[in-house]
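If you read the sequence from its start, that first residue is 1, and numbering goes on from there.
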Amino acid sequence: MGNGESAPEPGLRHHGPGSTMKSPMPDQRELDERFALVLASMDLPPDKAKVLRGYDNDKKWDLICDQERVQAKEPPHIYLQKLQSYMDNGAAKKKNSRKMQESTQVLRDIEISLRTNNIEWVKEFLNKENSGLEVLVDYLTFTQIQIVSKDDTFGSMSANSSLRSMVGSSPYARSPSRKSTKKNRDVGTTREREDVHVCIMCLRAIMNYQHGFNMVMAHKMCVTAIALSLNHNSPRTKALVLELLAAMCLVKGGHEITLKAFDNFKEVCYEGKRFEKLMDSFCTEESNIDFMVACMQFINIVVHSVDDMNYRVHLQYEFTQLGLDTYLEKLRNTESDKLGVQIQAYLDNKFDVASLLDDSETKTAALERVVELEEQVSHLSEKLQDLETDSLVKSLELERQLAEALRESELLKENCAKADTEVTTLRRLVKQKDEEVKQHQSLLDSKLQELQMHRREEADGASSPGEHDDNRPAPILSIPPPPAEPYSTDAGNKVPRPSSLAPAGSAAPSSSSAGDLPPPPPPPPPPVP
């Protein structure tokens, strides 16, 4: 199948004359090219193609030769016309026992051709012109109606009516004639059951190809008809059906399609619960290990391939109600390793519903606590939001105040810098004036000394009259005061000079007599702190 069947076996193919002869193996490059073409023609799933790529060169060459020697017995439409003739009510009346046996052989030929011919033959079988899948499904449904109508083991006429209504879209879904002996019915039922089995094998051969698998999944009635084949009394047929249904469950959308087919099975076969007939067969076919393994594998896939835990528990509970858990306890010590593996897989993946209920109660209590804590967190969040708002307002106010303080600080710094500049200028000017005053004082002292010496000389001359009569008294030296200019600062401010330092001609008093000493210079201005 597209998901898990083995690759077609070359030994089962039909060969023409001289098939025992094998050509010499070509070089590696040609071998690889021809092998790639063979793989493409087989239309295998990627996993199966990977297995074949792992073959050594001898096996690859055998497979290439085997494929190239394949010869189809008949084109697809020949087989399909025969099947359609068997479903024709008019032709059915003319059949004898030998011709009725031919339908099984036709189906076997179709199955072998699907399994062994190249992909082109399969595509021709499935194309719209031949509609091979549609004919197979119609014939499978037609045969199932024949079985239900002839054998009361699997239903009554009401079940037959339900089956016909279910497949009413098929042009061949008609009731067979009831005018036949019990012996003929038994023979016909045996043949029809074998036809059902071979039809399922044909569908499996189609599903070996990816294109065929997709067509089976897309067909409206194919999966339903396959599921209804579980009414077959052969464990071998039911095992084959379960393998196909399990493979369908593993593809996207296949699980839902399969369960819908079982819902239809429940309605048509008047089951009390879904999977009831399947579980009855599982519990009564202890002698057929292959069927039990296939059944257990199908249950594992149906139940445990679901992602939704609640749906998974629901499906598990369906089988629990049908007695699966009790029966598995009896099978724990089975001698079949394959069956033991499937049983253990089911038990390992089984949900403990009681534990889940306890967990659910714990979860409910935890959720209530979570809700309570969320309310507390909500209140605290509101308080925190208020505090954050208040702190934000205060922060903005403090930032505003800080900005104002920084502006005032900058202004004070500017004023301080100006004051420092003025003080430095004044100190420099004061120092200059101090030096000027010292120089002036020094000059005055020297003049004073000269004057005193002159007076002493005059006094000495007066003590001896007659001497130096012609000499005039020496004039008193006058020392000009320093210029009375105002102090000027670097800032452009004018500071007036003290009055004692005013220039001559100002309102300052002059000397009263030539013998008076000039007044001492005024003290320097106090330093500006």
[X] to [Y] - nearest heavy-atom pair and separation:
X	Y	value
Glu194	Arg108	OE2-NH2, 2.6 Å
Leu328	Met296	CD2-SD, 3.7 Å
Gly254	Met217	CA-CE, 3.5 Å
Arg312	Val303	CG-O, 3.1 Å

Would you tell me whether [X] and [Y] have side-chain atoms, one donor and one acceptor, within less than 3.5 Å of each other?
X	Y	answer
Gln28	Asn57	yes
Asp195	Thr104	yes
Arg236	His197	yes
Arg191	Ser103	yes
Gln144	Asn231	no

Give, for atom [atom1] of [X] and atom [atom2] of [Y], the distance between the pair rounded to the nearest 0.5 Å.
X	Y	atom1	atom2	value
Leu107	Lys82	CG	NZ	11.0 Å
Leu392	Glu399	CG	CD	8.5 Å
Glu124	Ser113	CD	OG	11.0 Å

Do Met248 and Ile226 touch side chain to side chain, with heavy atoms closer than 4.5 Å?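 Yes, side chains in contact.
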Phe262-Phe298 aromatic ring centre distance below 6.0 Å: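 Yes, the ring of Phe262 comes within the 6.0 Å limit of the ring of Phe298, centre to centre.
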Please report whether the ring centroid of Phe125 lies less than 6.0 Å from that of His77.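 No, ring centres 6.0 Å or more apart.
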Has Lys60 got its NZ or CZ under 6.0 Å from the middle of the six-membered ring of Tyr55, at an angle within 45 degrees of the ring axis?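 No, Lys60 does not sit over the ring of Tyr55.
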